[in-house]
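All remarks here apply to the structure that follows.
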Amino acid sequence: MFLYFLKVSLMNENLAAERTLDAINNSENPHFSPAALRVGAVQYLNAIPLVWKLGEVADALNTSIVLQKDVPSLLAQKLVCGDYDVALIPVVEAIRHPELVQVSDVCIASEGAVESIRLVAFKPLDEIRKVLLDSASRSSCAMLQVWLQEQKRCVCEFESLHLNEIPNLEVADADYEKVSFASESNCVALAQYCEAHAIDACLLIGDKALSVPLHSEALPWVYDLGKMWTQWVGLPFVYASWFARPGSDERRISAIMNEVRRTSQIEMDILIINEAMKRRMAIEDCRDYLVKKIRYRLGGRERRGAEVFCKMTQKYGLTPLGAQLSFQANRD
């Protein structure tokens, strides 16, 4: 079965590549003079559709790409410092840096349960007082802080989670972003560490969160932040979008990123098979996450959700007062 999927994937990928280039060349995208872009993106599964065939699409639009992957918090820092021309950064960091410019109609968002943003708790919600926040995150951490203060009406203590400090944690390739909590021993290691340090809950994001089991004796409560946000606000939550430095070629970047998103939607079946095999993940689980849980188009409801989040972060002093999000769709 594995070899069958691999063969089908490779055959379809070749056909899709030809169709993709034909579609780009026949589209209404403008002609661009030669240029190069330094692009930063997150390394999680949910970002794969936003960089799928990025090099091929950019090349068809006369642009060479240097792509680097990192955690969201570092991408934002490096974009501000000038290491990237454009990066997929957390929305909360864009609020904190109004000089950055949102480009394209692309985002990573969810409406309802998302599965890759989870609060693992060792006490019921109303008893939580001390929380560890995934140091790789930004928007999810801010969303949790806002939600807890709004719902619990009490101030919690927040500290950074450093997985490398947890004894007996099994880690693949010394990369703590690849820690899997599908292993019960890793769930136990996390629980023991939190108990020893009087931690009531722990926020996990990305592929780590996807691996958290919903039924584990070591992790008695697991809350999905996407579901919590939508039940509370009634709108999607936007985790990240493409932002560029001031003075950048916004038209070129927008054309490339929009085309990449469209290409990934056309080739989603191939993408899912490739990623599922690479990550040793069930194909249906991968499909459910990328097709049903994550949204990639920055529509009106997504923009309204992000604007509500912007106001709430200011209310609790997480972003500067008066800060605003300016979306490309609102500037056209």
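Under 4.0 Å is where a charged nitrogen must lie from a carboxylate oxygen, and between Glu302 and Arg297 no such pair does. Remark: Asp207 does not engage Lys178 in a salt bridge, criterion side-chain N to carboxylate O under 4.0 Å. Salt-bridge formation is detected for the pair Arg252/Asp249: a Lys NZ or Arg NE/NH1/NH2 atom is positioned less than 4.0 Å from an Asp or Glu carboxylate oxygen. Salt-bridge check for Arg129 with Glu157: failed, with every basic side-chain N at 4.0 Å or more from each acidic carboxylate O. Between Arg304 and Glu307 there is no salt bridge, since no side-chain N of the basic residue sits under 4.0 Å from a carboxylate O of the acidic one. With respect to the salt-bridge test (charged N to carboxylate O, under 4.0 angstrom), the residues Asp85 and Arg38 qualify. Lys53 and Glu259 are not joined by a salt bridge, as no carboxylate oxygen comes within less than 4.0 angstrom of a charged side-chain nitrogen. For Glu284 and Arg287, the salt-bridge test passes: some basic side-chain N is under 4.0 Å from an acidic carboxylate O.
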Worked verdict on Asp288 versus Asp285 for side chain to side chain contact (heavy atoms under 4.5 Å, CB included): CA-CA 5 Å; Asp288 181 72; Asp285 290 344; 5.6 Å; no
Side chain to side chain contact (heavy atoms under 4.5 Å, CB included) assessment of Trp232 paired with Glu150: CA-CA 10 Å; Trp232 174 35; Glu150 280 285 311; 3.4 Å; yes
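Across Ile89 and Ala94, no two heavy atoms sit closer than the pair CD1-N, 4.1 Å.
Residues Ser116 and Tyr289 bring a donor and an acceptor atom of their side chains to less than 3.5 Å of each other. Looking at Ser104 and Ser254, their side chains never bring a donor and an acceptor atom within 3.5 Å of each other. A donor-acceptor contact under 3.5 angstrom links the side chains of Glu177 and Tyr44, judged on distance only. Looking at Ser110 and Tyr239, their side chains do bring a donor and an acceptor atom within 3.5 Å of each other. Using modelled atom types, one finds no donor on one side chain facing an acceptor on the other under 3.5 Å when comparing Gln102 with Trp242.
The CG atom of Leu318 sits 11.0 Å away from atom OG of Ser139, with the distance rounded to the nearest 0.5 Å. Note that CD of Glu275 and CD1 of Ile48 are 4.0 Å apart. Values are rounded to the nearest 0.5 Å. With values rounded to the nearest 0.5 angstrom, Gln328 atom CD is found 11.0 Å from Phe243 atom CZ. Remark: Leu45 CG to Lys278 NZ distance equals 10.0 Å, nearest 0.5 Å. Once rounded to the nearest 0.5 Å, the distance linking OG of Ser326 with CZ of Arg303 reads 10.5 Å. Distance check, rounded to the nearest 0.5 Å: CG of Asp175 to CG of Leu163 gives 10.5 Å.
Within a 6.0 Å sphere centred on NZ of Lys227, heavy atoms belonging to other residues, nucleotides or ligands number 12 at most.
Considering only heavy atoms from C-beta on, Ile166 comes within 4.5 Å of Leu190 through its side chain. Side-chain contact between Asn168 and Tyr193: absent, with no pair of heavy atoms (C-beta onward) separated by less than 4.5 Å. Contact of the Ser64 side chain with the Asp59 side chain is not registered, since no non-hydrogen atoms from C-beta on lie closer than 4.5 Å. Counting heavy atoms from C-beta outward, Asn46 and Ile108 have side chains that approach closer than 4.5 Å.
Cluster membership for Leu125 and Leu133, using ILVMFWY side-chain heavy atoms within less than 4.5 angstrom, is shared.
Side chain of Ser241 to backbone of Val106: a donor-acceptor contact under 3.5 angstrom is found. A donor-acceptor contact shorter than 3.5 Å links the side chain of Gln314 to the backbone of Gly322.
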